[in-house]
J.: 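First the structure, then my questions, so here it is.
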Amino acid sequence: MQAKDIGRELFSGRKALYDRLSGVFDNAGIEGRNIVAPIDWYVGDHRWQSRNDLYLRASEQLFEDAALGALAKAGLQPSDIDGIVFVSTTGIATPSLEARVAPRLGFRSDVRRVPVFGLGCAGGVSGLATAARLAAAEPGTRWLFVCVETCSISIRLDTDDPAALVATALFGDGAAAAVVSTEGMGPATIAAAGERQWPDTLGIMGWRVEDPGLAVVFDRAIPPFVTAELAGAIDGILGDIGLARSDIDRLCSHPGGAKVITAIEEALELPPGTLDLERDVLRDHGNMSAPTVLFVAEQLIERGLPRRTLMTAFGPGFTCAALTLERK
């Protein structure tokens with residue numbers, strides 16, 4: 001059956017739609033806590049305001065849980081934080097989300113705020129690298145990096161676009177946070193970072209702004225593009241910081257989808273199955289956009305970090321973001 005035929009079947013009839021949508025989430029292995037709205041919410045007629053209102057309500061709680069969890073692991077209080085880098089692409093908040101939650105969480109009134117929008121799936125790596133650069137620019141300061149995405153809110157039931165069907169099966173919601181400083185805390189050092197953007201690739205990945213809400217842009221060429229282009233991009237980024245692929249002990253990649261994970265392994269000539277943690281996170285949580293790679297990193301830390309890890313993620317642009325983690 002062609003993808004568009006499946007899409008028409010999925011989006012025909014409200015009762016059938018509800019049953020199929022529930023089945024899609026079950027089959028994708030996405031647990032209820034990874035979807036911020038109940039399944040029947042998607043059957044209703046939700047437009048921009050309704051969708052963004054849900055984003056604000058859900059994201060504040062996700063931010064709070066992730067931020068307090070990271071601070072607890074670091075043995076810090078919110079008042080110990082000098083700056084916050086916040087990344088999100090699935091909703092709009094002005095004042096931005098970190099400003100909305102800061103007073104009740106106990107952040108200082110002089111905490112610096114760096115909200116970043118539009119990085120998409122690359123935001124987990126790019127945002128963490130930004131926090132590291134800010135910490136390095138002012139040694140002794142402590143920066144909290146938080147990324148929150150509610151991808152499921154963008155699921156659209158008013159279209160038979162194959163990309164919408166892929167998004168329905170793939171997306172999950174989530175948040176992640178990390179404390180970054182020059183004080184020697186934590187399991188690893190962020191040693192270097194870099195990015196590569198390919199020309200004439202704006203249509204590969206992103207959002208289209210439409211009347212009912214955001215419409216996902218997924219080009220079917222993403223896996224073959226990754227297979228063809230990733231090695232050169234990674235070699236270029238590593239070359240800029242004086243490293244080669246042979247200096248990297250393990251990749252920690254954003255698992256955008258099953259085919260993308262396979263494409264990464266093929267592009268970098270890794271044995272099939274090397275990116276096992278990436279597959280585990282995708283299976284258990286779905287593609288949460290920016291936070292997903294940090295879920296992989298957490299699993300890798302629990303397993304035991306190798307000497308040098310390269311974190312990578314793709315995002316709108318079309319962009320590859322990367323940074324190196326060196327075990328302490």
Side-chain angles (χ1 to χ4, degrees), residues 66-67 69-76 80-81 85 87 122-147 176-196 230-231 233-255 261 264-265 267-271 273-282 284-285 290-314 320-328:
L71 289 169
K73 285 187 176 181
L76 299 173
D80 296 321
I81 295 300
V85 175
V87 166
V125 173
S126 294
L128 186 59
T130 298
R133 292 186 183 103
L134 290 168
E138 296 184 71
T141 57
R142 296 163 174 168
W143 287 77
L144 177 68
F145 168 57
V146 184
C147 53
V179 176
V180 182
S181 78
T182 59
E183 295 181 332
M185 301 158 49
T189 298
I190 300 171
E195 296 188 13
R196 284 294 184 276
L230 178 60
I234 292 298
D235 288 343
I237 292 171
L238 290 174
D240 291 344
I241 58 178
L243 297 174
R245 265 189 277 167
S246 58
D247 297 313
I248 303 300
D249 299 299
R250 196 198 190 276
L251 219 58
C252 175
S253 293
H254 167 71
I261 297 173
I264 293 170
E265 290 176 340
L268 300 180
E269 300 177 337
L270 302 174
T274 296
L275 301 181
D276 57 337
L277 295 179
E278 285 79 353
R279 290 182 170 89
D280 290 347
V281 168
L282 182 65
D284 294 340
H285 303 283
T292 320
V293 70
L294 296 172
F295 276 57
V296 178
E298 184 175 50
Q299 294 294 316
L300 187 58
I301 290 169
E302 290 178 359
R303 175 189 285 183
L305 275 176
R307 181 180 58 90
R308 181 179 287 128
T309 299
L310 182 69
M311 291 183 66
T312 65
F314 300 106
C320 175
L323 62 80
T324 58
L325 293 176
E326 296 186 355
R327 185 186 64 215
K328 291 182 178 178

J.: Taking the side chain as every heavy atom from C-beta outward, state whether F295 and L277 have any pair of such atoms under 4.5 Å apart.
T.: no
J.: Please tell me if the side chains of V85 and L144 come closer than 4.5 Å, counting only heavy atoms from C-beta onward.
T.: no
J.: Scan L275, L282, D276 and name whichever one has a side-chain contact (heavy atoms from CB on, under 4.5 Å) with R279.
T.: L275
J.: Look up atom SG in C252 and atom CG in L323, then write down how far apart they are to the nearest 0.5 Å.
T.: 8.5 Å
J.: Could you pull out the closest heavy-atom pair between T182 and G140, with the gap in Å?
T.: OG1-N, 2.8 Å
J.: Can E278 and R250 be counted as an ion pair, charged N to O under 4.0 angstrom?
T.: yes
J.: Which pair of non-hydrogen atoms, one from A178 and one from A70, has the smallest distance, and what is that distance?
T.: N-CB, 4.0 Å
J.: Taking the side chain as every heavy atom from C-beta outward, state whether R245 and D235 have any pair of such atoms under 4.5 Å apart.
T.: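 Yes; the side chains approach each other to less than 4.5 Å.
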J.: Is a side-chain N or O of T274 found less than 3.5 angstrom from the main chain of L270, in a donor-acceptor match?
T.: no
J.: Does a side-chain heavy-atom distance below 4.5 Å link L128 with M311?
T.: yes
J.: Decide yes or no on side-chain contact (heavy atoms from CB on, under 4.5 Å) for L238 and D247, but give the supporting numbers first.
T.: CA-CA 9 Å; L238 290 174; D247 297 313; over 6 Å; no
J.: Which heavy atom of P291 sits nearest to which heavy atom of C147, and what is that distance?
T.: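 Shortest heavy-atom separation between P291 and C147 comes out as CA-SG, 3.5 Å.
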J.: Could you tell me whether R133 and E138 have a side-chain N and a carboxylate O separated by less than 4.0 Å?
T.: no
J.: Go through E195 and C320 one step at a time and tell me if the side-chain contact (heavy atoms from CB on, under 4.5 Å) criterion holds.
T.: CA-CA 6 Å; E195 296 188 13; C320 175; over 6 Å; no
J.: Shortest non-hydrogen contact from A290 to V87?
T.: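 That would be CB-CG1, 4.2 Å.
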J.: Would you indicate whether the side-chain heavy atoms of S181 and T141 approach each other to under 4.5 Å?
T.: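 Answer no - side chains too far apart.
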J.: With rounding to the nearest 0.5 angstrom, report the CD1 to CG distance, I234 to L310.
T.: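 Result: 5.0 Å between the selected atoms.
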J.: For the atom pair NZ (K73) and CD (E298), what is the distance rounded to the nearest 0.5 Å?
T.: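 If I round to the nearest 0.5 Å, the distance is 4.0 Å.
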J.: What's the verdict on side-chain contact (heavy atoms from CB on, under 4.5 Å) for V281 and Q299, showing C-alpha distance, side-chain angles and the deciding distance?
T.: CA-CA 9 Å; V281 168; Q299 294 294 316; 4.2 Å; yes
J.: Nearest 0.5 Å, please: how far is NE2 in H285 from OG1 in T292?
T.: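 These two atoms lie 9.5 Å from each other.
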J.: Ignoring hydrogens, what is the shortest heavy-atom contact between V296 and S253? Give both atom names and the distance.
T.: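 In terms of heavy atoms, the two residues are closest at CG2-O, 3.8 Å.
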J.: Aromatic ring centroids of F314 and H254 under 6.0 Å?
T.: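 They do not qualify: ring centres at least 6.0 Å apart.
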J.: In this structure, are over 12 heavy atoms from other groups packed under 6.0 Å from E269 atom CD?
T.: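 Count not over threshold, so no.
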J.: Rounded to the nearest 0.5 Å, how far apart are CG of L230 and OG1 of T312?
T.: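 The CG atom of L230 sits 6.5 Å away from the OG1 atom of T312.
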J.: So, R327 side chain and L305 main chain: donor-acceptor pair closer than 3.5 Å or not?
T.: yes
J.: Using side-chain contact (heavy atoms from CB on, under 4.5 Å), reason through D249 and T309 one step at a time and then give a plain yes or no.
T.: CA-CA 6 Å; D249 299 299; T309 299; 5.9 Å; no
J.: For E183, is there an ion pair with R142 - N to carboxylate O distance below 4.0 angstrom?
T.: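 So R142 pairs with E183 through a salt bridge.
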J.: If you define the side chain from C-beta out and look only at heavy atoms, does anything of I190 sit under 4.5 Å from L325?
T.: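 Side-chain contact under 4.5 Å: yes.
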J.: If we only count heavy atoms from C-beta on, is the V179 to F145 side-chain gap below 4.5 Å?
T.: no
